[in-house]
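Every chain is numbered from 1 and lettered A, B, ... according to where its sequence line falls, protein lines coming before strand lines.
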Amino acid sequence: MSAEIGETTGVVREARFTSALILTVFWVLPIALLIMSAFKTPIEFSSTSTLALPQSFHLFDNIARAWAKGMASGFVNSAIYGVVASVISVILAAMAAYGIVRLRIPQGMFWFLLIYSGTIFPFQMYLIPLFNLYLDTGLYDTRIGIIAFYVAITIPFCMFVMRGFFLTVSWQVQEAAALDGANSWQTFWRIMMPMARAPLILLILIQFTWIWNDLLFGLVLTKSESVRPIMVALAGMQGVYGASDGPSVIAATLVGSAPTLILFLALQRYFVRGLTLGMGER
Amino acid sequence: MTATLDHTAAPLIRRPAGRPLRQLVVPYLYVLPAALFVAAFLLYPMVLTAWRSLTHFDGISDPTFAGLDNFRDLFADPHFLLSLRNTVIWTVAAVIFPVTLGLVFALAFSRVRWGGFFKTVIYLPATISAAAAGILFSFVFNYDNGILNMILRGIGLSGLASRWLFDVPTNTFAMIATYTWQQTGLNMMLFLVGLQGLPPEPIEAAKIEGCTGWNLVRRIILPMLMPYVVITTLLAIVNGFKVFDLIWVMTQGGPGRASETLAVTMYREGFILFKQGYSAAIAVVISVVALAFSYFYLRSVLEQEARQ
């Protein structure tokens, strides 16, 4: 059902194809050229043209140097934060949606809006008190602290999507479970969650990507190398070594971008469906 | 989308009358954990920000009530006014370039050989973080050996080679170019979703009438796509208004404070200069503007959903 546009004579078709190809090549050109720099030694990088092909193969040396400069912990931290926080968030959000839609909590609309309101305001609106709160409670610069925040900030969107899903589940399913003597907890885990596998996986993907790519909250809520997430580590590395060791910063950025890029390529179809769910907001 | 079942018509599940209290409590056990997380980490700090914006507060000594002083000071502060101007430039550019290009790419790729491949490539920048994109492009824009200046010098245009990230206002344009590189794919995908949902009949009919190419796009397709143009534009405004990561890694708002936007100014005032009350006031300004556009955005999305 795609919108076929216009006549398709051979010449026009070829012209379209060629211009699309040129456009796409132009789009990736800056980064494609930059990748060459990730193979060079720092001396080669600063003494030869960036457009010159690498004379040596130092990609792994560059990555190893970046790893020694704090990328290793950033990578591991963000992997932990992304997996743990998105899984907890999706479970809590699904429970809330289940409570609102399927168990019909009194004033369901109030609870829906209360949770959803967390996503309406721009991040700037809670940065400073959050920072103070974290200092006061000892959550500042701890893994538990940043995971708790990532859980909180990803809950509203997940709850919104899960609510939409639970509205479509047939009520006969729930009645049948009740007749079989299942309590609400069993119904939730054995019947609802398995049915919701597709949206659950999609949400974990979206939220993992968001957490991995976050810079702002990592900057505000963490400080030490052993806690800070990958984007903070990258930004810090660029600030310190950007001028003296370009190749390792470029290599580190490429490696740091790989997980979300690979996730997208592997699970493209899910992602495109996700866009229509939230229309791309955050 | 599967049709929503009319659950209001379904009979209520009745529990044995012996356990009314438990039945009353159970739903709360499911909803409260999520609600508590949101209330403690998001809503409570939000209320505090609103309150702090009315105080003088350095983060250490007790805040003192200041009424609307912070807001009055803002509009007399040259840093804030410059930042506001930059933010307006960013917002306008964030609509013009990524949205227009996204629409052009969506139209161009929806009917071309290798279309799926082209779409994927253009979307790839949107999968990496704004921080990573900013770092990569600060190398592209480097004066001495950045790719852009190298190419300019190579084709005999060395006069155009610039200190892209250090000159004002060139640095804002360089960052907007990076932003465009990153965001266009997202907008393109939204337009492709819209194009896929268009009914084929009017387009077929127009083609039979001899309406083709640009005429077909302008007269038939664009008008039908209009709801998506509105939604994508509003979303671009909201996102463009809040840009932080990209600027932070590319210029940190510099040189001096010349390329700051409101999000960067707010961060600098709050976390580097420790003027927390003042910073909270900037946060309130950002929120009011973003909320206004979010409202129109949500309304358009809901209208569009109701139409389908």
Quiz item: Checking side-chain contact (heavy atoms from CB on, under 4.5 Å) for the pair Leu219(A)/Trp248(B): CA distance, chi angles, key distance, verdict?
Solution: CA-CA 11 Å; Leu219(A) 277 179; Trp248(B) 191 252; 3.6 Å; yes
Compare every heavy atom of [Y] with every heavy atom of [X], then report the nearest pair and how far apart it is.
{"X": "Thr49(B)", "Y": "Met125(A)", "value": "OG1-O, 2.5 Å"}
{"X": "Phe139(B)", "Y": "Gly242(A)", "value": "CE2-O, 3.7 Å"}
{"X": "Met46(B)", "Y": "Ser117(A)", "value": "CE-O, 4.2 Å"}
{"X": "Ala280(B)", "Y": "Ile128(A)", "value": "N-CD1, 4.2 Å"}
{"X": "Pro45(B)", "Y": "Pro129(A)", "value": "O-CG, 3.3 Å"}
{"X": "Leu103(A)", "Y": "Pro27(B)", "value": "O-CG, 3.9 Å"}

Please determine, among [options], the option with the most heavy-atom pairs under 4.5 Å with chain B.
{"options": "Asp214(A), Leu29(A), Val151(A), Thr209(A)", "value": "Val151(A)"}
{"options": "Gly239(A), Gly164(A), Pro106(A)", "value": "Pro106(A)"}
{"options": "Ala94(A), Ser49(A), Cys158(A)", "value": "Ser49(A)"}
{"options": "Ile100(A), Ile105(A), Val28(A), Leu51(A)", "value": "Ile105(A)"}

Practice problem: List the steps and the verdict of side-chain contact (heavy atoms from CB on, under 4.5 Å) for Leu42(B) and Phe121(A). | Solution: CA-CA 9 Å; Leu42(B) 307 179; Phe121(A) 286 83; over 6 Å; no
Which answer fits [X], side chain, backbone, both or neither, if we ask what part of it has an atom under 4.5 Å from a heavy atom of chain B?
{"X": "Trp111(A)", "result": "side chain"}
{"X": "Leu114(A)", "result": "both"}
{"X": "Tyr134(A)", "result": "side chain"}
{"X": "Leu265(A)", "result": "side chain"}
{"X": "Ile31(A)", "result": "side chain"}
{"X": "Ala148(A)", "result": "both"}

Aromatic ring pairing [X]/[Y], orientation class (parallel under 30°, perpendicular over 60°, tilted between):
{"X": "Phe118(B)", "Y": "Phe17(A)", "answer": "tilted"}
{"X": "Phe264(A)", "Y": "Tyr123(B)", "answer": "tilted"}
{"X": "Tyr30(B)", "Y": "Trp185(A)", "answer": "tilted"}

Quiz item: Are more than 12 heavy atoms from other residues, nucleotides or ligands located less than 6.0 Å from atom CZ of Phe293(B)?
Solution: no
Is [X] in contact with chain A via its backbone, its side chain, both, or neither, using a 4.5 Å heavy-atom distance?
{"X": "Leu48(B)", "value": "both"}
{"X": "Val47(B)", "value": "neither"}
{"X": "Phe244(B)", "value": "side chain"}
{"X": "Phe141(B)", "value": "neither"}
{"X": "Tyr295(B)", "value": "neither"}
{"X": "Leu246(B)", "value": "neither"}
{"X": "Ile135(B)", "value": "both"}
{"X": "Ala108(B)", "value": "neither"}

Which of the residues [options] is involved in the greatest number of heavy-atom pairs with chain A at under 4.5 angstrom?
{"options": "Val26(B), Leu32(B), Thr120(B)", "result": "Thr120(B)"}
{"options": "Leu262(B), Val112(B), Leu36(B), Leu29(B)", "result": "Val112(B)"}
{"options": "Phe105(B), Tyr44(B), Phe109(B), Phe241(B)", "result": "Phe105(B)"}
{"options": "Ile220(B), Thr184(B), Asn215(B), Leu192(B)", "result": "Thr184(B)"}
{"options": "Gly270(B), Ala35(B), Ala131(B), Pro33(B)", "result": "Ala35(B)"}
{"options": "Gly146(B), Ser53(B), Ala283(B), Ala40(B)", "result": "Ala283(B)"}

Quiz item: Going through the distances and angles, do Met159(A) and Val38(B) end up as a side-chain contact (heavy atoms from CB on, under 4.5 Å)?
Solution: CA-CA 11 Å; Met159(A) 188 276 301; Val38(B) 171; over 6 Å; no
Practice problem: Quick one: list whatever passes salt bridge (Lys or Arg N to Asp or Glu O under 4.0 Å) with Arg113(B), sequence neighbours left out. | Solution: Glu14(A)
To the nearest 0.5 angstrom, please state how far the [atom1] atom of [X] sits from the [atom2] atom of [Y].
{"X": "Ile115(A)", "Y": "Leu43(B)", "atom1": "CD1", "atom2": "CG", "result": "9.5 Å"}
{"X": "Phe37(B)", "Y": "Leu92(A)", "atom1": "CZ", "atom2": "CG", "result": "6.0 Å"}
{"X": "Leu148(B)", "Y": "Leu33(A)", "atom1": "CG", "atom2": "CG", "result": "11.0 Å"}
{"X": "Leu263(A)", "Y": "Thr127(B)", "atom1": "CG", "atom2": "OG1", "result": "9.5 Å"}
{"X": "Asn213(A)", "Y": "Asp245(B)", "atom1": "CG", "atom2": "CG", "result": "9.0 Å"}
{"X": "Leu216(A)", "Y": "Lys242(B)", "atom1": "CG", "atom2": "NZ", "result": "11.0 Å"}

Are the side chains of [X] and [Y] in touch, meaning some heavy atoms are under 4.5 Å apart?
{"X": "Phe271(B)", "Y": "Leu127(A)", "result": "yes"}
{"X": "Thr50(A)", "Y": "Val140(B)", "result": "no"}
{"X": "Trp27(A)", "Y": "Val121(B)", "result": "no"}
{"X": "Phe137(B)", "Y": "Pro30(A)", "result": "yes"}
{"X": "Ile153(A)", "Y": "Phe41(B)", "result": "no"}

